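Take a look at the structure below.
Counting starts at 1 for both ligands and their atoms, following the listed order. This structure is a prediction, so every number in the text was calculated from the model and none was measured. Atom set for the values below is all heavy atoms of this structure, side chains included, hydrogens, waters and symmetry mates excluded.
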Amino acid sequence: MPMLGVNIDHVATIRQARRAIEPDPVWAATLAELGGADGITLHLREDRRHIQDRDLRIMKETVQVKLNLEMAAEDAMTKIALEVLPGQVTLVPEKREELTTEGGLDVVKNYDRVARCVEQLLNANIEVSLFIDADEKQIRAADKLQVHAVELHTGRYADAKTPDEQLKELNAIASAGEVALDHGLLLHMGHGLTYRNVVPIAEINGVSELNIGHSIISRAVMVGMERAVREMKQLIAG
Ligand code: PXP
């Protein structure tokens with residue numbers, strides 16, 4: 001069974017909408033752990049739109065399962081990772097204008113920049129995963145960098161409009177997964193996974209980690225709504 005990494009970025013997104021102190025992603029990480037999360041994933045973006053440096057530093061102290069820091073392969077981020085020393089870093093592409101991470105990291109095109117970052121992380125004993133598209137060229141480049149894992153981008157599978165298209169994407173991910181396993185890489189997957197579409201991905205041979213955020217946070221809001229309203233009503237009623 002793959003490990004579940006719960007991405008808590010969206011909790012910070014709600015907090016930042018008000019520049020308030022709640023909801024605190026640090027609390028969310030603890031509750032996710034109580035619910036059985038095998039890892040906590042957070043993306044410290046260059047624009048700090050959701051997760052803040054303080055969140056990362058506190059979670060390094062409080063999270064008892066694997067702490068997986070998603071970040072761009074940039075010098076400033078590498079410096080932070082080397083200070084905080086999360087258990088794992090997942091390198092992702094980052095564009096300022098994107099709503100979320102839109103495609104995999106192009107390791108082939110950015111090989112030297114990624115290599116500089118990977119080397120420093122590996123020297124600090126941080127496990128390194130590269131978030132890439134299900135593409136053999138990218139997997140071979142990841143293997144050359146001697147990283148521990150690749151996280152295959154499941155966004156196209158998640159966005160597929162028809163069952164045929166979804167099956168095609170699933171097969172492409174499964175075949176790329178075999179190539180990664182053949183190279184001795186650990187196989188992670190993530191992006192766009194939901195309660196409806198996760199099972200076929202979780203069943204792919206050799207997948208060891210799934211990183212899921214949006215769908216879990218969306219459900220948390222919904223399953224918590226009724227209780228939250230009831231508690232406010234009780235207070236008002238005195
Ligand atoms: N994996 C990576 C590398 C990501 O960048 C993201 C989104 O931050 C996720 C997994 C989680 O995606 P989602 O929020 O769609 O579940």
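- When each atom of ligand 1 is checked for a heavy atom of I212 under 4.0 Å away, the hits are 16 (O).
- Near G192, meaning under 4.0 Å from one of its heavy atoms, ligand 1 places the atoms 12 (O), 13 (P), 15 (O), 16 (O).
- Atom numbering of ligand 1 starts at 1 in the shown order; those under 4.0 Å from a heavy atom of V92 are 3 (C).
- Ligand 1 places these atoms under 4.0 Å from at least one heavy atom of H191: 6 (C), 7 (C), 10 (C), 12 (O), 15 (O).
- With rounding to the nearest 0.5 Å, the separation of NE2 in H191 from CD1 in I201 is 13.0 Å.
- Contacts of H10 with ligand 1, taken as heavy-atom pairs under 4.0 Å, are absent altogether.
- Residue contact check: H214 has heavy atoms under 4.0 Å from atoms 13 (P), 14 (O), 16 (O) of ligand 1.
- The closest donor-acceptor contact from the side chain of T162 to the backbone of E165 lies under 3.5 Å.
- Every atom of ligand 1 with a heavy atom of N211 under 4.0 Å away is listed here by number and element: 10 (C), 11 (C).
- Using bins of under 30°, 30° to 60° and over 60° for the plane-to-plane angle, the ring pair F131/H153 lands in the parallel bin.
- With distances taken over non-hydrogen atoms, the option nearest atom 3 (C) of ligand 1 out of H43, H188, M189, E70 is E70.
- Here the side chain of R219 pairs no donor or acceptor atom with the backbone of I216 at under 3.5 angstrom.
- For the side chain to side chain contact (heavy atoms under 4.5 Å, CB included) with Q166, the qualifying choice from D159, N197, N171 is N197, the only one to do so.
- In this structure, H50 has its ring center no closer than 6.0 Å to that of H10.
- In summary, the atoms of ligand 1 found under 4.0 Å from a heavy atom of N7, numbered by their order in the structure, are 8 (O).
- For the ring pair (Phe, Tyr, Trp, His ring centres under 6.0 Å) condition, no pair includes a residue of residues 58-80, sequence neighbours left out.
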